[in-house]
Amino acid sequence: MPSYKLYYFDARGAAELARLIMKQAGQDFEDIRLAGEKWLEKKPEMPLKAMPVLEIDGKKICQSMAIVRYLAREFGLMGSSNMEALAIEELLEVFTEITTKHLMKIYYEQDQQKKVELMKEFKETGMPPYITFIESRLKENNDGKGFYVGDKVTVADLALYNTMFSYKHWMGKEGQDPFEGSPLLGEFYQRVASLPNIAAWEKARPQTNM
Ligand SMILES: N[C@@H](CCC(=O)N[C@@H](CS)C(=O)NCC(=O)O)C(=O)O
């Protein structure tokens, strides 16, 4: 079994899905959180001078979603068929699209009042088509009462849970959590949050804003 070190800032951010995969799989890893001087010291060693970086037996690999896909394949979380893998990839791409089309604008807005207005717009018009899509995919499997695909947990479940957690603890603080109107996804969230390894990590992980 290779040894894993995951380098990132002291945040959930672009590293948390990789952490969740390893936690769900029961895989030990070093959760290295760099800040300030320590990050500047380490930065030249990173392939693209950015994080997250996963070090596998001494080899440093960058790009968060490549890391996620590698770990998901490695730990059997990429579905049980090519069709399941396709639905999983589809959802991962949806989250990438939402991030680039909507979240970056909100994240980088400096004016707090404008930021909340952008969150409201995202909740009211940006996110609803994606929520309808996610709900319909979820309902295609076990009437929405189980996992995102198939009959066991996959990286799609972890990615959706991670996104919902993040919105709840970010936009939710401003009363703008776009998922709060979906009971189906609310129940789904509780199912994933109750998985023993995920529940244990949610308690044990450093509490960070993002
Ligand atoms: N496409 C890359 C983006 C990596 C990236 O831009 N990471 C940011 C943090 S999320 C970073 O390390 N920035 C460099 C810095 O802050 O010095 C990925 O998904 O891993």
Side-chain angles (χ1 to χ4, degrees), residues 2-25 27 29-75 77-78 85-110 112 115 118-119 122 126-127 130 134 148 154-174 178 201-202 205-210:
S3 86
Y4 292 110
K5 291 181 187 177
L6 185 67
Y7 296 89
Y8 194 56
F9 301 99
D10 186 21
R12 295 186 306 279
E16 194 60 18
L17 186 49
R19 295 188 187 115
L20 285 167
I21 293 170
M22 289 192 276
K23 288 293 168 187
Q24 173 60 22
Q27 171 63 49
F29 66 101
E30 256 187 80
D31 187 15
I32 301 170
R33 293 168 184 248
L34 300 172
E37 284 298 308
K38 286 211 169 127
W39 161 232
L40 293 178
E41 258 168 48
K42 275 273 173 197
K43 194 168 175 166
E45 290 174 28
M46 301 303 175
L48 280 172
K49 319 304 170 219
M51 299 187 287
V53 163
L54 181 67
E55 186 173 320
I56 311 166
D57 285 342
K59 185 175 171 70
K60 289 192 176 70
I61 304 291
C62 64
Q63 295 302 336
S64 55
M65 292 315 290
I67 292 168
V68 158
R69 286 172 165 93
Y70 160 82
L71 290 172
R73 285 192 298 271
E74 203 64 10
F75 298 118
L77 295 171
M78 208 56 203
L86 178 60
I88 293 168
E89 296 270 8
E90 181 186 48
L91 183 68
L92 296 179
E93 291 302 322
V94 162
F95 290 136
T96 302
E97 181 174 300
I98 294 170
T99 302
T100 50
K101 263 195 183 169
H102 302 275
L103 299 190
M104 285 298 135
K105 203 165 49 176
I106 303 174
Y107 184 74
Y108 287 111
E109 177 56 61
Q110 295 298 312
Q112 185 57 22
K115 198 190 260 292
L118 287 174
M119 286 179 182
F122 175 61
M127 195 58 194
Y130 294 112
I134 295 168
Y148 190 76
T154 68
V155 65
D157 301 300
L158 302 179
L160 181 49
Y161 156 80
N162 190 40
T163 298
M164 291 182 74
F165 184 97
S166 159
Y167 292 6
K168 189 201 283 277
H169 290 85
W170 176 34
M171 294 182 249
K173 282 188 185 156
E174 308 295 343
W201 177 236
E202 208 180 291
R205 70 182 164 193
Q207 300 301 309
T208 56
N209 287 336
M210 296 300 283

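What's counted below: heavy atoms across the whole structure, side chains too, no hydrogens, waters or symmetry copies. Residues: numbered from 1 along the sequence shown. Read the numbers this way: they start at 1 and go in the same order the structure lists the ligands and their atoms.
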| E202 side chain to Q207 side chain, donor-acceptor N/O pair below 3.5 angstrom | no
| Does the D57 side chain pair with the main chain of P2, one donor and one acceptor, at a distance under 3.5 Å? | no
| What residue pairs, at least two apart or across chains, pass salt bridge (charged side-chain N to carboxylate O under 4.0 Å, His left out) with a residue in residues 3-14? | D10-R33
Hey, what polar pairs (N/O, under 3.5 Å) does ligand 1 make with protein?
{"from": "ligand 1", "atom 1": "1 (N)", "to": "Q63", "atom 2": "OE1", "distance (Å)": "2.7"}
{"from": "ligand 1", "atom 1": "7 (N)", "to": "M51", "atom 2": "O", "distance (Å)": "2.7"}
{"from": "ligand 1", "atom 1": "12 (O)", "to": "M51", "atom 2": "N", "distance (Å)": "2.8"}
{"from": "ligand 1", "atom 1": "12 (O)", "to": "M51", "atom 2": "O", "distance (Å)": "3.3"}
{"from": "ligand 1", "atom 1": "17 (O)", "to": "W39", "atom 2": "NE1", "distance (Å)": "3.1"}
{"from": "ligand 1", "atom 1": "17 (O)", "to": "K43", "atom 2": "NZ", "distance (Å)": "3.1"}
{"from": "ligand 1", "atom 1": "19 (O)", "to": "S64", "atom 2": "N", "distance (Å)": "3.4"}
{"from": "ligand 1", "atom 1": "19 (O)", "to": "S64", "atom 2": "OG", "distance (Å)": "2.6"}
{"from": "ligand 1", "atom 1": "20 (O)", "to": "S64", "atom 2": "N", "distance (Å)": "2.8"}

| task | For the pair F165 and Y161, name the ring-plane relationship: parallel under 30°, tilted 30 to 60°, perpendicular over 60°. | result | tilted
| field | Sequence-distant partners of Y107, ring-ring contact (aromatic ring centres under 6.0 Å, His included), two or more places apart | value | none
When the side chains of residues 98-105 are checked against the rest of the protein, which donor-acceptor pairs come out under 3.5 Å, sequence neighbours left out?
{"from": "T99", "atom 1": "OG1", "to": "F95", "atom 2": "O", "distance (Å)": "2.8"}
{"from": "T100", "atom 1": "OG1", "to": "T96", "atom 2": "O", "distance (Å)": "3.1"}
{"from": "T100", "atom 1": "OG1", "to": "E97", "atom 2": "O", "distance (Å)": "3.2"}

